[in-house]
Number of protein chains: 2
Amino acid sequence: MKTLIREKRTELNITQEELSKRLKVSRQTIISLEKGKYKPSLVLAHKLAQTFGCTIEELFIFEGDENIE
Amino acid sequence: MKTLIREKRTELNITQEELSKRLKVSRQTIISLEKGKYKPSLVLAHKLAQTFGCTIEELFIFEGDENIE
DNA sequence: CCTTAATGTCAAGTAGGCTTTACAAATGTT
DNA sequence: AACATTTGTAAAGCCTACTTGACATTAAGG
């Protein structure tokens, strides 16, 4: 799975810390998500998409066995 | 968070077991999701939406603090 | 340089998503 | 009533999302 979190965040011109405050998660969580260390929960993915004004499917790109075969 | 998994599944006329096989998860997982016992991972939410031919946001209804304030 | 802001790493702990197995309740069909 | 199908419950275990805190690196500006 790929994510466009970093791209969308820099488009908005906000820091990781600012984003983490808006979402009420730790800054570490933002770092890990942008770096692809793990995948967000459904609720957090929804909040991210809301923040960026896009859908979850636009923010995350699912690949291979993450899709129905 | 509310989900329309059960409604969408019955529309498709398939059993929990059939759905669990398509998604390659346990039947127990389907039961728990339909009953609202817990929330699916992002990948599973995506597969469910794909199966039902809708978006994640159409399949799950986020409420209150699950939205940005 | 020196400082500050922004980003990053590491590690330990908590909570919850998902699995497996086994068994019970409900619904339908003959 | 009897049987099969579908749905449900319970419990133990694994893995990972997320947290907190402390410290390292990079980049920018005075």
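Lettering of chains follows the sequences in order, A, B, ..., and the numbering in each one begins at 1.
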> Does the side chain of A/I56 come within less than 4.5 Å of A/L42's, by heavy atoms?
Replying inline: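 Yes; the side chains approach each other to less than 4.5 Å.
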What's the [atom1]-[atom2] distance between [X] and [N], to the nearest Å?
X: A/Y38; N: C/dT14; atom1: OH; atom2: P; result: 17 Å
X: B/K37; N: C/dC18; atom1: NZ; atom2: C1'; result: 14 Å
X: B/L44; N: D/dC15; atom1: CG; atom2: P; result: 19 Å
X: B/M1; N: C/dG17; atom1: CE; atom2: C1'; result: 12 Å
X: B/K39; N: C/dG17; atom1: NZ; atom2: C1'; result: 12 Å
X: A/N13; N: C/dA5; atom1: CG; atom2: C1'; result: 15 Å
X: A/I5; N: C/dG8; atom1: CD1; atom2: P; result: 12 Å
X: A/I14; N: C/dA5; atom1: CD1; atom2: C1'; result: 16 Å

>> Tell me if the side-chain of B/Q28 makes a donor-acceptor pair with the base of D/dT7, cut-off 3.5 Å, by modelled atom types.
In response: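 No.
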Should [X] be listed as having a side-chain N or O under 4.0 Å from OP1 or OP2 of [N]?
X: B/K35; N: D/dG8; result: yes
X: B/R9; N: D/dT6; result: no
X: A/S41; N: C/dG16; result: no

> From the list C/dG17, D/dT16, C/dC18, which nucleotide is the closest neighbour of the side chain of B/P40?
Replying inline: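 Among the listed nucleotides, the one closest to the side chain of B/P40 is C/dC18.
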>> Quick check: is A/L48 connected to A/L4 through a chain of hydrophobic side chains (ILVMFWY, heavy atoms under 4.5 Å apart)?
In response: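 Yes: a chain of side-chain contacts under 4.5 Å links A/L4 to A/L48.
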> Which residues, if any, of residues 15-27 of chain A bring a heavy atom under 4.0 Å of DNA chain C?
Replying inline: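 Contacts with DNA chain C under 4.0 Å: A/T15, A/Q16, A/R27.
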> In residues 45-69 of chain B, which residues come under 4.0 Å of DNA chain C by heavy atom?
Replying inline: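 Under 4.0 Å from DNA chain C: no residue of residues 45-69 of chain B.
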Using modelled atom types and a 3.5 Å cut-off, is there a donor and acceptor pairing between side-chain atoms of [X] and backbone atoms of [Y]?
X: A/Q16; Y: A/I30; result: no
X: B/E18; Y: B/T15; result: no
X: A/R9; Y: A/I14; result: yes
X: B/S41; Y: B/L44; result: yes

>> Check B/K47 with A/E69, please: is the shortest side-chain N to carboxylate O separation under 4.0 Å?
In response: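 Looking at B/K47 together with A/E69, the answer is no, because their closest N to O distance does not fall below 4.0 Å.
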>> Between B/E66 and B/K39, does any side-chain N to carboxylate O distance fall below 4.0 Å?
In response: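 Yes, B/E66 and B/K39 are salt-bridged.
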> Residues in ring pair (Phe, Tyr, Trp, His ring centres under 6.0 Å) with B/F62, at least two apart?
Replying inline: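 Per chain and number, B/F62 pairs via ring pair (Phe, Tyr, Trp, His ring centres under 6.0 Å) with A/H46.
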> Taking for each residue the nucleotide of DNA chain C with the nearest heavy atom, is it A/I31 or B/I30 whose nucleotide lies nearer the 5' end?
Replying inline: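 Final value for this comparison: A/I31.
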